Number of protein chains: 2
Amino acid sequence: MPKSGPKQQLFEQFARIGKALSNANRLEILEFLGQRECGVDELAALCRLSVANTSQHLQQLRQAGLVTSDKRGQRVLYRLSGDDVVQLLLILRRVGSSHLAEVKQLIHHYFTIKDDLEAIPARELLDRVKTAQVTVVDVRPAKEYRAGHLCGAINIPLNELEARLAELPPGQQVVAYCRGPHCMLSYDAVEKLRREGYDARRLEDGYPEWKAAGMPVETAL
Amino acid sequence: MPKSGPKQQLFEQFARIGKALSNANRLEILEFLGQRECGVDELAALCRLSVANTSQHLQQLRQAGLVTSDKRGQRVLYRLSGDDVVQLLLILRRVGSSHLAEVKQLIHHYFTIKDDLEAIPARELLDRVKTAQVTVVDVRPAKEYRAGHLCGAINIPLNELEARLAELPPGQQVVAYCRGPHCMLSYDAVEKLRREGYDARRLEDGYPEWKAAGMPVETAL
DNA sequence: ATAATATTCAATTGATTACTTGAATTATGA
DNA sequence: TCATAATTCAAGTAATCAATTGAATATTAT
């Protein structure tokens, strides 16, 4: 019989989630899983970790309730437990961005310097898409695009952008998005697009945040 | 020069917040600070921790950006850094409630059993208050009520409830609230009120969540 | 039946964390 | 000036954590 009351026991349980979020590698794993479900070996490669280490982090995330797994043959595929996990990660970033000087500094030196134009909020993009005056480009790798993307978005992975500029309708504004608020892909994309004379902006959110907010998405599976 | 990229550095920073949330005592401290600003000795007493231990936890919370402090004479008063911290704690609870079997079990055995009627959502209470058919009762200690409470709420701390029943308008429904979704005060209050024949319900949120959602509050300072 | 693949488990090591205890610091009151 | 109060710091101890290494397990392909 636990010696503490229900309140303390609940705090112990919620602390498990805090523990799961207390390691930078696990946060990175969660960001990748926000884009699509993955196996251990893929996540290990994406995060540049050993397979054993990745597997242990995944066990911790699963035990904290942040991810689920299901076996397909000899492969185990992991995914986020729900959109509420995306929202938890988003508010974690927001709190960090608001209250941690180191976060503000990192964002300024690596992100704001690259694109000091305000990113477009999700609601505003939804409105503009309806007037068909804008091209939405998903600059994540194709696998992530196929797993899920904004309705109507086209996929031009960043490393193919220069070769595929002709696919963009001339004269239209381009809005690029990627994995999330602090993913560099859309910053780099916007930089390249502007260099080629395009009117380019970034979306404020990545795909997981857009989806978690209930905005329209589709898959290409 | 750090060896990892800006992304990894950002994850390290966000992980600091995860670390701050990875201890049950710190979560309890944050819940109390959600009600009102406090000194170290008060928090130590509320949480049943030593003063030194409480102070160390507060340093960690401050360094993670979750609380701020300011000195008044020889006392240091701590408070939450912003409503975004309340929202972080709320989504932490939601994720735990949705995805952790132990949390569901604890909630069922200690909370749902006491009051299996659905708590009233904040929006619904706001609407009902406008038609003046309901009495909103804050059952937290008076100090917390004075620091901030729902507009129009009266304060009858739980331990004074039986002695002050006459203050409740006869024939009206009573909605009780306290510190947050898993605080027992409003459960106990509703239980006592129903035993005395009142039509009593609980509010879904506590005061901090209501305030963080932008709902109307007032203070009695 | 065996080899290969994918994943997980277990033990070890070094680092980190939580709490305690006692000391140090800072501010106030007598 | 000195005592008290409030808070923080530092060191020590035990427990926990992250990564590595090697072994074990489960599934698939030959």
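Computed from a predicted model, the values in this text were never measured in an experiment. A, B, ... follow the sequence lines: proteins, then strands. Residue 1 opens every chain.
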Please enumerate all protein N or O atoms sitting under 3.5 Å from an N or O of nucleotides 12-18 of chain D, with distances to 0.1 Å.
residue : atom : partner : partner atom : Å
D:dA18  : OP1  : A:Arg26 : NH1          : 3.4
D:dA18  : OP1  : A:Arg26 : NH2          : 3.0
D:dA18  : OP2  : A:Arg26 : NH1          : 3.3
D:dA18  : OP2  : A:Gln60 : NE2          : 3.0

Neighbours of DNA chain C within residues 61-76 of chain A, by heavy-atom distance under 4.0 Å
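Close to the strand are A:Gln74, A:Arg75, A:Val76.
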To the nearest 0.5 angstrom, please state how far the [atom1] atom of [X] sits from the [atom2] atom of [Y].
{"X": "A:Lys211", "Y": "A:Cys151", "atom1": "NZ", "atom2": "SG", "value": "12.5 Å"}
{"X": "A:Phe11", "Y": "A:Arg16", "atom1": "CZ", "atom2": "CZ", "value": "16.0 Å"}
{"X": "A:Ser50", "Y": "A:Gln56", "atom1": "OG", "atom2": "CD", "value": "8.0 Å"}
{"X": "B:Ile107", "Y": "A:Leu10", "atom1": "CD1", "atom2": "CG", "value": "5.5 Å"}
{"X": "A:Ser55", "Y": "A:Arg62", "atom1": "OG", "atom2": "CZ", "value": "8.5 Å"}
{"X": "A:Trp210", "Y": "A:Leu125", "atom1": "CH2", "atom2": "CG", "value": "4.5 Å"}

Expected list for residues 155-162 of chain A: side-chain donor-acceptor pairs under 3.5 angstrom, two or more places apart:
residue  : atom : partner  : partner atom : Å
A:Asn155 : ND2  : A:Asp138 : O            : 2.9
A:Asn155 : ND2  : A:Arg140 : O            : 3.1
A:Glu160 : OE1  : A:Arg164 : NH1          : 2.6

Rounded to 10°, tell me the angle between the two end axes of the helix from C:dA1-D:dT30 to C:dA30-D:dT1, each built from five pairs.
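Inter-axis angle at the termini of the helix from C:dA1-D:dT30 to C:dA30-D:dT1: 10°.
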Hey, are A:Arg93 and A:Glu209 close enough for a salt bridge, meaning a charged N less than 4.0 Å from a carboxylate O?
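The answer is no: the pair does not qualify as a salt bridge.
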Check the pair B:Asp205, B:Tyr177 against side-chain contact (heavy atoms from CB on, under 4.5 Å), reporting the backbone distance first and the verdict last.
CA-CA 7 Å; B:Asp205 295 326; B:Tyr177 74 88; over 6 Å; no
Please identify the 5'-most and 3'-most nucleotides of DNA chain C with any atom under 4.0 angstrom from a heavy atom of chain B.
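Taking any atom under 4.0 Å from a heavy atom of chain B, the span is C:dT17 to C:dT28.
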For residues 19-29 of chain A, dump all side-chain donor-acceptor pairs below 3.5 Å to protein atoms at least two apart in sequence or in another chain.
residue : atom : partner : partner atom : Å
A:Ser22 : OG   : A:Lys19 : O            : 2.7
A:Asn23 : OD1  : A:Asn25 : N            : 3.0
A:Asn23 : OD1  : A:Arg26 : N            : 3.1
A:Arg26 : NE   : A:Ala20 : O            : 2.8
A:Arg26 : NH1  : A:His57 : ND1          : 3.0
A:Arg26 : NH2  : A:Lys19 : O            : 2.8
A:Glu28 : OE1  : B:Gln8  : NE2          : 3.3
A:Glu28 : OE2  : B:Gln8  : NE2          : 2.9

Separation of atom CG in B:Leu43 from atom C1' in D:dT7, rounded to whole Å
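Value for this atom pair: 13 Å.
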Between B:Leu58 (CG) and D:dA6 (C1'), how many Å, whole number?
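One finds 13 Å between C1' of D:dA6 and CG of B:Leu58, rounded.
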Here's one to test your reading of the geometry: is the NZ or CZ of A:Arg202 within 45 degrees of the ring axis of A:Tyr187 and under 6.0 Å from its centre?
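The answer is yes; both the distance and angle limits are met.
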Can A:Leu100 and B:Phe14 be said to form a side-chain contact (heavy atoms from CB on, under 4.5 Å), step by step?
CA-CA 9 Å; A:Leu100 284 176; B:Phe14 297 135; 5.6 Å; no
Give the intermediate values and the outcome of side-chain contact (heavy atoms from CB on, under 4.5 Å) for residues B:Leu33 and B:Arg79.
CA-CA 6 Å; B:Leu33 288 178; B:Arg79 65 168 59 85; 5.5 Å; no
